[in-house]
Structures are given as C-alpha cells and as structure tokens.
Q: 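One structure, pasted below without further comment.
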Amino acid sequence: MDRRSAFSYRCGACGRCCRNQAITLSPVDLIALARAAGLPTSAARTRYTIRRGSLLRFGEAGRCVALDGATCSIHPGRPLACRLYPLGLERTPDGDDFIRLEPAPDSAGVYGSDATVADYLAAQGVDRIIELAERYRPLIGAMRGRIETLVDFEIVEPREFWRRATAEALRESNYDANELIDLIFDADGAGEGRDSVAATVTAHLAMIGAAIRRATDPSALAAAAILLAVSLGYSPAEAIADPSRRLNQAASRPD
Ligand code: SF4
C-alpha cells in the first residue's frame, strides 16, 4: 500500500497487540521513550530494551514491559512501530511500502477503509519520527568510510569481514563491548538541558560523528553500522560497502 491507499483503524484499547511482538527500536525511539518514561536513556535502555537497545523488551506472558494493564505507559513516546501498527513499513531503495499486519488474536481493533494511509500516519505522528530517524542514516556511510581507511580489503576478505560483523551486530547476548553501539542507543550526554527530541537528536548526531572519526577498531565500526541500519528499518546490506564500487576503484587504480 502507498500513502494514498484506503485504510483506517480504530484501536480498541484492549492491549492485546502489545504482546509477543518483535519491535525494532531506532535511536530516536530510545530518546522519545526515555522522555515519556521520565528516565535517562541509559536507564530506559536497561528497563525497556534488549539487544543493546535495539529491540523492545517483552516480559512475563509475552507482555511489553511498558504495558500497564491494557494501557501503554509511555504512549506519548511510543516507538515508531507502535505508532504505525497495524501497518508495517518496508524501507526499500525505491521508497516506502506499507503493509497491513494481521490483527493480534481477539484484538478489539476495528479495520476500515474510510480514510487513507496518509491520514492514519498523520494522526499517529509518524512522519516526524521517520524524519528524525532518517537524520541518523548518513552515519552509516560515515562508518563505512572510516572502515575503508582502516582495512585493506585487498588483504581482508570483505564477505567474511561483513558476515562476522552482521552476526556480532544481531547477537542478543554474549556480544563484545562496543562503545559506538552504546553511544548510538544512549543519548544521555546529548539530552542534558535540551528541551526537545529534535534538539537532543542534533547533539547526539554530533557526538556519534566525533566518535566515528576517533574510532580505530573496524570490526566494532562494522557491527555498529549494521545495527544502526537495522534499527532504522533497513537491511544489513545498507551498511555493507558496494562491491561494484570497490571493483570500479580497483579498475581505475594506476598500474
Ligand atoms: S511500547 Fe506501548 S504501544 Fe508499544 S508494544 Fe509496548 S505497551 Fe504497546
């Protein structure tokens, strides 16, 4: 479906959609969620997330840990996936595609077709969150650029390098310490004294940019690039250098 497609949904406030889901979080989701919870992002990350901050935590009986009875306790700062629900968003090089998700069993929500996808997104404040999250996307290219200054891919096999990085990025436990990933999902240093999510994002981006320029461990950079890409809704391939570009560079290198 695109933004003009017929769609409407009335939430039945039953809380059944807030169980047994896999909800990916972006750095913006963490900032907004922490503000709604009245916590520093470091504390919100511990309380509400797994996989280093990149997935929402579901606890007892599969309930989201933010669910209070049948109500979302962080509703003003709920993650993008929760704002979109029951739509899913697929981000592709050709643009965004919206999918109608199956309702949770016994959900009290009511689907209809008396409005459009665009109307629904506007009512849920989706576009502002997507716009803020997209501001993190150039960091993926910055990390890839930094990796290319640190690794000679004529010597290091690129597929194996990125395969290891992908496995490390998506591990839910027993992962290596990674200061860059910690910084991506913990904006505490950027949030102090800022009165809006947007201002915190601006300061956070500057902090991450400086950390990328200082970074010297290409494996840590690659894992961070992949996890950031996934957290923004892209595939890990978004973080992996284009092999054709490397081939072109090699072809244009003087003998
Ligand atoms: S964050 Fe809120 S809306 Fe999202 S799953 Fe948890 S309780 Fe439901």
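The structure displayed is predicted, hence computed values, not measured ones. Positions are given from 1 along the sequence. We count ligands from 1, going down the list as the structure has it; atoms in each ligand are counted the same way.
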Q: Start with the C-alpha distance between Ser54 and Arg51, add both sets of side-chain angles, then the distance that settles side-chain hydrogen bond (donor to acceptor under 3.5 Å, both in side chains), and finish with yes or no.
A: CA-CA 6 Å; Ser54 67; Arg51 202 176 69 187; 2.8 Å; yes
Q: Regarding Arg91 and Asp96, does a basic nitrogen lie under 4.0 Å from an acidic carboxylate oxygen?
A: yes
Q: Is there a donor-acceptor pair closer than 3.5 Å between any side-chain N or O of Asp68 and the backbone N or O of Ser73?
A: no
Q: Can you check whether Thr116's main-chain N or O pairs, donor with acceptor, with Asp119's side chain at less than 3.5 Å?
A: yes
Q: Which residues and atoms, protein N, O or S only, are under 2.8 Å from atom 6 (Fe) of ligand 1?
A: Cys64 SG
Q: Taking atom OG of Ser219 and atom CZ of Phe161, what is their separation to the nearest 0.5 Å?
A: 5.0 Å
Q: Just checking, is any N or O donor in the side chain of Thr166 or Arg163 under 3.5 Å from an acceptor N or O on the other one?
A: no
